[in-house]
Structures are given as C-alpha cells and as structure tokens.
Amino acid sequence: MEKNEYQVGNLIFVIIVLFLVSFLLISIPYQTKWFDGIPLVKQPRLWPTFCITGMALFSLIYSLQVWQNYKIEGRIQSELKELQSWAKPLEFVVYFLLYVWLVPLAGYLLSTLVFFFLLTIRQGYRTRSMLIISLVTAFGIVVVFKSLLKVKISSGAIYEYLPDGWSTFFMVYF
Amino acid sequence: MDVILSSFEIFLRWDVWVAILIGSVGGVIIGAIPGVGPAVAIAILLPATYSMDPIIGITVLLGIYGSAMYGGAIPAILINTPGTPVNALTTYDGYSMTKNNMARRAITLAYWSSFTGGIFSIFALIFMTSLIAKVAPLFGSRDILMAALLGLILVVISHRKQTLIAGFLVFFGMFISTVGMESVKYTKRFTYDQSWLLSGFDLITVLLGLFAVSQALILLTGNDKKVPMPSLKGGKHEGLFGLIKYKIVAAISASMGVIMGIIPGVGEFLAQFFSYNIARSISKKPERFGKGAPEGIIAAEAANNAVPAAAMIPLLALGIPGEALTAMMLSVFYVHSIIPGPDLFENNLDFVYGLYESLFIINIIVMVFLLFATKSLLRIIQIPQRFLGITILGLSFVGVYTLRNSFIDCIMCAFFGILGYVLKKLDLPIVPIILGMVLGNIMEQKFRASQARIDTIFDYVNRPISGTIFAIIVIALSIHFWVVWRQYKKIN
C-alpha cells in the first residue's frame with residue numbers, strides 16, 4: 001500500500017513531473033529516429049519510448065494518488081510556501097557556479113580560499129577561529145587533491161603573471 | 001594455489017596497505033559525521049581514483065563502503081541521529097540504552113556486531129567464489145538482461161509505500177541514460193540540437209549532484225544543532241560478552257545480510273528489517289525491542305555490515321550493481337578497463353582475491369581503530385552542519401570539475417543537486433534514479449546483443465538461468481501484489 005499521509009509539496013512535484021512527461025512524449029518523434037526496414041529492437045526510438053512510457057504510467061498513477069491525498073489534507077498556501085522553499089538553495093548554487101567560473105581565472109587555490117571564506121561568513125560564522133578553520137580546510141582540500149593526488153584542474157590564468165619559477169610551481173601544485 | 005599466491009603479491013604491496021588504511025579510517029570518520037555518509041564521500045572521491053591503480057582505487061572506495069556503517073552507529077547510539085541512513089534502526093535500541101546510562105555497552109555491542117557481520121560475509125564471499133567462478137561464465141546476454149531486470153524490479157518493490165514514485169524514478173534514470181548519441185545507428189536522442197547533450201549525462205555528474213550537492217544544499221539551508229555528549233563509562237569488551245550471549249541473533253542477522261546483499265536492488269534496509277523482526281520473534285523478551293534490547297542493536301548492525309561484501313558478488317560476477325554504492329564502483333572498473341562479469345573470474349581471479357583480502361583487513365583495522373579512538377571520534381560529531389555543507393560543496397567541485405574541466409558538467413551537477421534537494425525534502429528516494437541509469441544502460445545493451453538468438457518472446461526465458469531469474473521475478477511480484485492487496489483489504 002502506498003503512503004496515505006500527504007507530504008506538502010507533492011502536488012507541485014507531480015504537476016512538474018506530468019509537464020515533463022508530456023513534453024517528452026510529444027518530443028519522441030522529433031528527438032529520435034525511425035529507420036524503415038530495420039528490426040524493431042534495433043530502432044533508436046525503441047528504448048527511450050519504452051522509458052518514457054514507463055515514466056508516464058507510473059507518474060499518472062502516482063499523481064492520482066497524490067491528488068486523492070491532497071484533497072483530504074492539502075492546502076494551496078502550503079504548496080506555494082513549499083515551492084518557495086525549493087528556491088532557497090538557488091543562492092548557493094549561484095555561489096557554486098561563480099566558484100567554478102573563477103577557478104580557471106584565479107587558480108584553484110585562491111578561488112577555493114575565497115569560496116570557503118565568503119561562504120563561512122555568509123553562513124554566520126564570524127569568529128576568528130571559525131574563519132581560520134575554514135581557510136585551513138580550503139587549503140587542505142587543495143593540497144590533498146591538486147598537490148598530492150594530482151587531479152586534473154585547469155591552472156589559473158593569473159599564474160601567468162607570476163615570475164617564471166613561481167608560475168610553473170603554482171600551475172603544477174595549486 | 002597460484003592464484004592465491006598471486007593475490008597475496010597484490011595485497012602485500014605497501015600502496016594497497018596505505019589505501020586500506022585511508023579507506024577504513026576515513027570511512028569510519030565519514031560515517032560518524034551525520035549528514036555525510038559513504039555515498040557522498042564515494043561520489044566525491046570517484047574521479048580522484050580514476051588516476052590510481054585499479055586495486056588502489058577500488059580498495060579506498062571499498063574501505064569507505066565497508067567501514068562507514070561502523071562509524072555511523074556512534075551518533076545513532078549517542079545522539080539519536082544515524083551517521084548513515086542505514087544506521088537508523090540502531091537508534092531504536094542504541095539510544096534507549098544510552099538514556100539508561102549504557103552508552104559504552106551499546107557502542108561496543110554495535111562494533112562487535114558490525115565486525116561479526118563484516119567478517120561473516122567475507123568468509124561467505126570467499127566460500128562462494130569457486131561456485132561463482134563456475135556459474136558466472138554460464139551467464140549470457142539474456143541471463144544478464146533478466147538479472148538487471150530483477151534488480152530494477154526489486155529496487156522498486158523494496159521501496160515499501162513508495163513503489164509508484166520509485167517506479168517513475170527508475171524509468172527516469174533509464175531515460176536519462178538514453179540521452180545523447182546512440183551506438184547502433186549513431187543518431188541523436190533527446191539532444192534538442194544542443195551540442196553539450198551529445199555525450200549524454202555522465203553518471204558521475206548525476207551521482208555527485210544527487211548525493212553530494214543535494215546534501216550540501218540541505219545542510220546549508222538548515223540549522224546547526226547543539227549536540228550534548230553523553231559520557232562513555234565501562235569496559236571496551238562489554239559488547240563482546242553481549243554478542244556471545246546473543247550469538248544466534250548475530251549469526252541469523254549476518255546470514256540475512258549476506259542473502260540480501262547478494263540480491264541486486266535490495267541492500268541494507270531490507271536486511272536489517274528482516275533480521276530485526278526475526279530477532280524480535282525469537283527473543284524471550286520481545287517487549288524490550290525499541291526500548292534498549294541488545295539483540296536489536298546486534299540484528300541491525302550485523303545485518304547491515306554483512307551487506308557490502310555480499311553486494312560485491314553480483315557486481316563482480318555479473319557486472320550488475322545491486323545498489324548506488326556498487327554502481328559507483330562499477331564506473332571505476334570500467335575506467336580501468338576491468339570489466340566485471342564472467343570474464344573477471346576467469347582472467348583476473350587474483351585481483352578478486354586481492355579485494356577479498358583487503359576487505360578482511362579493513363574490518364580488522366576498523367575494529368582496532370574504533371576500540372581505541374571512539375572518544376576522539378565524538379568530537380567529529382560536533383562539527384557544525386552548515387560548515388559541513390560548505391565543505392561538501394567545495395569537495396563536489398573537485399569531483400565534477402576533474403572529469404573534463406567543464407563548466408557545463410558543473411551546471412548539470414547543480415541541476416541534479418537541486419533535483420536531489422527537492423526529492424530529499426519530499427522524502428522521496430534517490431537511489432532508483434542511479435540504478436535505473438546504470439541497469440537501464442546494461443539492459444539496452446544486452447537486449448540488443450541477445451537479438452541474434454531470439455525468435456519469439458519466450459526465447460528470453462528458455463535458458464536455465466534466465467528462466468530461473470524470470471521465475472524469481474514472477475514470485476517477487478506476486479508476493480508484492482499479494483501484500484498490497486492484503487493491506488488494501490485491511491484498510492477498506
């Protein structure tokens with residue numbers, strides 16, 4: 001038996017899901033190819049169609065169930081409030097993408113230090129000890145991954161302005 | 001004998017030991033921090049392991065996988081917050097014991113039970129290897145197709161009370177694995193003329209978004225909690241005596257963990273659920289369960305720690321991951337051109353034995369580490385949650401950016417992060433998406449590969465193995481619908 005208690009936000013979620021599934025269903029003829037004369041199992045269209053049909057079937061029954069539960073317990077105001085709360089993390093996603101954008105320019109070390117420092121302040125940790133912990137953590141991550149494990153992260157454009165020896169050192173290790 | 005000696009040669013390398021140490025101790029620490037968990041850690045570390053020797057990379061990840069649940073029991077017992085989701089059942093009896101001033105006893109009981117489960121499953125794995133080595137080469141395309149289908153069906157029906165949404169998410173995962181250029185006629189599928197969609201959705205990008213970024217967002221938008229620390233009084237071996245007293249519960253639970261671990265798509269939750277219920281039904285004092293019964297801790301911890309080694313069986317033998325963590329490990333195998341499946345047991349048996357030996361040592365190191373370092377680990381539990389969020393977000397960058405240094409990958413990862421955030425807020429499962437993505441891809445390949453031998457639809461199930469798996473599918477579905485029908489009748 002499925003969950004009977006209604007979880008706020010489920011109605012908005014199923015509406016989004018139904019839109020997505022409808023959009024994908026409509027897209028099938030335009031976004032996949034059908035070749036005459038080759039067997040069904042080799043048709044590029046077959047597998048995505050199977051997946052989208054499965055999505056449609058399950059989402060439809062799930063939506064009916066959510067609607068039944070919503071009619072008993074749900075309120076539109078709570079739904080809209082929940083939708084608003086989903087937007088809350090977007091701020092941090094923007095910071096994350098700014099950080100990604102900054103790395104090829106300012107280098108991994110500097111970008112990570114700035115990212116950790118600013119985000120620590122943004123989260124309300126203003127004590128000196130917390131800020132030092134934050135910077136040490138950032139530095140530790142860079143040392144472990146870039147300097148020791150040598151993961152592939154593009155070096156910063158800023159390093160080209162450093163003196164020759166330093167420039168190579170920073171490009172390789174930070 | 002040569003194979004075993006050769007496996008020792010791999011296992012005794014110093015870098016393998018460093019990997020074992022980092023993986024096992026790191027796994028315990030990660031497990032002890034509520035809000036991180038092995039899935040987040042493995043997702044972040046995956047790309048870093050690609051440049052390592054395969055045995056090193058897999059050992060680090062295996063160490064985290066096998067030891068995180070040991071650490072997860074600490075906050076579950078002391079502060080009623082499971083370190084990893086699978087330690088949730090441990091809170092029932094563990095935290096009750098803490099409230100009754102028996103924290104040390106509960107913790108050591110959890111350690112010894114976890115150790116029993118871990119070691120038992122490794123012996124089961126070693127014992128079954130010869131059998132697996134004989135059976136695995138018999139698996140053809142149709143058999144693997146059926147096994148993958150069984151995995152997907154079990155993932156859906158094991159999400160009790162959420163089967164409909166789990167079904168949708170499995171198909172969604174399968175769908176996103178089809179996006180991009182397909183490999184038969186080289187046509188584009190669902191790319192909407194966007195060049196960045198041509199290569200499809202990378203599994204690691206999706207994994208990092210759904211597990212790591214979403215968890216970071218949950219922590220960043222939440223509040224820090226003050227954690228009061230209970231005192232740990234008593235001997236280190238109190239739990240061992242408790243375990244000896246309830247050895248039958250430990251044996252049953254470890255066996256249940258092994259059985260459930262082998263079955264793709266089932267995993268720790270059902271293993272614990274069954275063993276906990278069995279332990280309660282054979283207990284002389286079933287009323288104590290949930291109020292501080294030692295058997296409750298033994299059942300939960302022995303069962304969930306028996307799963308990791310057992311879950312390696314379908315992965316190694318058939319290339320079919322049973323849950324999200326083994327799905328992540330599968331990608332490490334592929335990167336190093338070690339293809340799990342029947343051939344692995346024929347051509348790389350020393351590698352397989354090397355993994356078993358590493359798993360064995362991981363359990364011993366973790367046990368020794370925990371017996372002496374529990375008090376120091378208590379400080380880790382007190383790391384502020386929002387600061388943890390910043391760290392996970394910073395680490396997620398390493399995971400996704402190192403794949404191709406692509407900004408687009410990071411945007412995709414952020415998108416799946418928001419999706420994971422919404423699913424977690426709605427208390428909906430994430431694992432079906434990952435298994436749908438991995439198993440869906442396997443199914444499409446095997447479905448096409450098996451066509452040469454297919455005349456009618458019955459040819460899919462007329463082989464002994466595929467027929468047996470199909471029978472298991474039918475039985476599993478019948479039981480599921482019977483349970484649903486019975487509950488429906490009960491309510492109405």
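Predicted model, so just to flag it, every value in this text is computed and none were measured.
With a 4.5 Å cut-off on side-chain heavy atoms, B/D224 and A/Y125 count as touching. Counting heavy atoms from C-beta on, the side chains of A/K146 and B/V398 never come closer than 4.5 Å. Using a 4.5 Å cut-off on side-chain heavy atoms (C-beta onward), B/Y192 and A/S27 make contact.
Aromatic rings from B/F397 and A/Y108 are positioned such that their centres are separated by under 6.0 Å.
Heavy-atom neighbours of chain B within the stretch residues 45-60 of chain A, taken at a separation under 4.5 angstrom, comprise A/L46, A/W47, A/P48, A/F50, A/C51, A/I52, A/G54, A/M55, A/F58, A/S59.
Heavy atoms closer than 4.5 Å to chain B are found nowhere in A/V14, neither backbone nor side chain. Proximity to chain B (any heavy atom under 4.5 Å) is shown, for A/L24, by both the backbone and the side chain. In this structure, the portion of B/L428 lying under 4.5 Å from any heavy atom of chain A is its side chain and not its backbone. If you measure heavy-atom distances from B/I418 to chain A, the contacts under 4.5 Å come from the side chain alone. Looking at B/L45, the atoms closer than 4.5 Å to chain A (heavy atoms on both sides) all sit in the side chain, from C-beta outward. Both the backbone and the side chain of B/F172 have a heavy atom closer than 4.5 Å to some heavy atom of chain A.
For A/Q77, there are no side-chain hydrogen bond (donor to acceptor under 3.5 Å, both in side chains) partners at least two apart in sequence or on another chain.
No donor-acceptor pair closer than 3.5 Å links the side chain of A/Q123 to the backbone N or O of B/F387.
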